[in-house]
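Counting from 1, the numbers follow the sequence of the chain as shown.
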Amino acid sequence: MSLRRDERGGPRDSEQQALRRARRSISIRIAVVMTLVIGFTGGVVYLVMLAGQSRDVQRDLEFTADHGTVTSTPGCVWLTVDQAGKLTSSPGTPGYLPIRSTLAQVAAGGGAVRTSAKLGGTTYELLTQRRGADTVQVAYDTRFQAADREDLVLALALAEAVGLLGAVIGGGALSRRAMAPVAAALGRQRRFVADASHELRTPLTQLHTRTQLLVRRARRGELAPAELDVELDRLMSGTRQLGDVVEDLLLSTQLTNGPRRLDPMDLAVVVAQAVDAETERAQALGLTVRMSREPGEYEVAGIPSALRRVVSALLDNAIGHTPPGGEILVSLAAPDRGTIRLSVRDNGVGFDTQDAERIFERFARGGAGRGRRFGLGLALVREVVDNHHGSITATGKPGHGAEFTVRLPALRTAPTPPAGSRQRATRPAPTGGPLARAVGAQSAKFSRWPSA
């Protein structure tokens, strides 16, 4: 059986560009916010430092003016005392101190004067006031405070640069994480559109063409009642195929929307329902569908509708590739403790052994049979089985049929029959309903499977 794959386009450039722009915008906004936060914090720290330095200067000036002597002054403070015109200054007082004009002003009866003066490249804070009969002038050298402020500004600038770099890097990471769900949603949207357009194109074209021909022949009176019945049957078959495709697409969307809760369920009942639903169609095509199961319980944790779709897809695949007179066997077994095995085997056209893995790829196609051997169906089957923590394998040989085997973890360990006891049950899961009894009766009629 030949195999081909449809070409698929990559992500749309416009969407990728929009995502990149959104990520860049988020990164820039985060960087701006972080820069403003760091800048605001640095400004507050700087203002607090200025206020603290101003208080320190004021305290030292006032204390020295009230209690200091020229021989005992705090660091960076110079004191000059005017005693009836005689000036006495602290040792090491710079030559451009004191400010005599200010001393004379206060000595002449003026009030206390607080000034700033830049002398010799250094800014001094000065306080001149009366102390008893004397006049004192205190000068505070602010060069070390200025150096502290410069160090603080340098540290804040460095912190701003590092913070900006970190904001850019962190903003990029956060923006990628923030946009990941959007990118995933766009990917799911593109995938759904591609799946829908690819899978719906063929059945819609067939239905449209067949309807056009039917209407044209009906208007010309060229259709006999028997021919009309045949054409209507074909239309009905086409609509059923279209419905299967839509169901595949919807199931694919559900699977990609995230994990769903798995509930306890009886796999034997689900298999029996799927077999019963396909029996009439198989008989109309001249096929025999049988079900067999070994004794034991077949409870698994799963989604009934999804697992039913798995069985239906495998049956549809087998029916579409088994010629009239062929047989399809659906079997349930517990080959080991904790594992339940479901297999669907046909004696149809089969497939090349080298395609055993490729047939589960999306849009892989087979070149023989009535139905869609590959397409989306088997890809979705694998997705469902993977979501149920199971596995699926396929074996086949051209002209000798194919077998698909699904293994799922058992919810409760199913009993393993003794070696050599491969007895098939004549009744399905213990539900007792008419459907189960009907499928069990089909199983009892199965005698021997043709060799592959």
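- Once rounded to the nearest 0.5 Å, the distance linking CZ of Phe351 with NE2 of His400 reads 14.0 Å.
- At distances below 3.5 Å, at least one donor-acceptor pair connects side-chain atoms of Thr35 with backbone N or O atoms of Ala31.
- Note: Thr339 OG1 to Arg407 CZ = 8.0 Å, rounded to the nearest 0.5 Å.
- With sequence neighbours left out, Phe63 forms a ring pair (Phe, Tyr, Trp, His ring centres under 6.0 Å) with His67.
- Pro409 has its side chain out of reach of Val300: every pair of non-hydrogen atoms, C-beta onward, lies at least 4.5 Å apart.
- Legend: residues meeting salt bridge (charged side-chain N to carboxylate O under 4.0 Å, His left out) with Glu278, ordered by chain and number and at least two apart, are Arg281.
- Annotation: Gln212, atom CD; neighbour count of heavy atoms from other residues, nucleotides and ligands within 6.0 Å is above 12.
- Leu378 is not listed as a side-chain neighbour of Arg382, based on a closest heavy-atom distance of 4.5 Å or more.
- Contact record, Ile319 with Ala282: CD1-CB, 4.2 Å, taken as the closest heavy-atom pair.
- Minimum heavy-atom separation, Met265 to Gly302: SD-C, 3.8 Å.
- Side chains of Met49 and Asp148 form a contact here, defined as non-hydrogen atoms less than 4.5 Å apart.
- With hydrogens and angles left out, the side-chain atoms of Ser331 and Ser343 include a donor and acceptor closer than 3.5 Å.
- Contact check for Arg293 versus Val271: no side-chain heavy atoms found under the 4.5 Å cut-off.
- You'll find the side chain of Phe404 stays beyond 4.5 Å of the side chain of Val381, heavy atoms only.
- The nearest pair of heavy atoms linking Leu408 to Gly390 is CD2-CA, 4.0 Å.
- In terms of modelled atom types and a separation under 3.5 Å, the side chain of Asn387 and the main chain of Glu383 share a donor-acceptor contact.
- No side-chain donor from either of Thr142 and Thr123 sits under 3.5 Å from a side-chain acceptor of the other.
- The backbone N or O of Ile328 lies less than 3.5 Å from no partner atom in the side chain of Asp346, so there is not a single donor-acceptor pair.
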Leu154 vs Glu150, test: side-chain contact (heavy atoms from CB on, under 4.5 Å). Steps then yes/no. CA-CA 6 Å; Leu154 179 62; Glu150 291 175 358; over 6 Å; no
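- With contacts defined as side-chain heavy-atom distances shorter than 4.5 Å, the pair Glu125/Gln58 does not qualify.
- Between Ile303 and His388 the shortest heavy-atom distance is N-NE2, 2.9 Å.
- The heavy-atom pair separating Ser175 from Ser27 by the smallest distance is OG-OG, 3.2 Å.
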Working for side-chain contact (heavy atoms from CB on, under 4.5 Å), residues Ile26 and Leu174: CA-CA 8 Å; Ile26 293 175; Leu174 289 176; 5.8 Å; no
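- Between the side chains of Ser25 and Arg29, a donor-acceptor pair is found at a separation under 3.5 Å.
- In this structure, the side chain of Thr279 engages the main chain of Val275 through a donor-acceptor pair within 3.5 Å.
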Dump the intermediate steps for side-chain contact (heavy atoms from CB on, under 4.5 Å) on Leu332 and Met291, then the final yes or no. CA-CA 8 Å; Leu332 278 171; Met291 176 181 173; 4.0 Å; yes
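- Counting heavy atoms from C-beta on, the side chains of Val406 and Leu307 never come closer than 4.5 Å.
- In this structure, the separation between CG on Leu267 and CD on Glu297 is 13.0 Å, given to the nearest 0.5 Å.
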Begin with the C-alpha distance, continue with both residues' side-chain angles, and end with the deciding distance and a verdict on side-chain contact (heavy atoms from CB on, under 4.5 Å) for Val153 and Tyr46. CA-CA 8 Å; Val153 170; Tyr46 188 80; 3.5 Å; yes
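- Here CD of Glu160 is found 9.0 Å from OG1 of Thr41. Values are rounded to the nearest 0.5 Å.
- Annotation for Gly326 and Asn347: closest pair CA-OD1, 3.5 Å, computed over non-hydrogen atoms.
- Here OG1 of Thr64 is found 9.5 Å from OH of Tyr140. Values are rounded to the nearest 0.5 Å.
- The shortest side-chain heavy-atom distance between Arg114 and Val57 falls under the 4.5 Å cut-off.
- Taking CG of Leu61 as the start and CG of Leu126 as the end, the distance is 8.0 Å to the nearest 0.5 Å.
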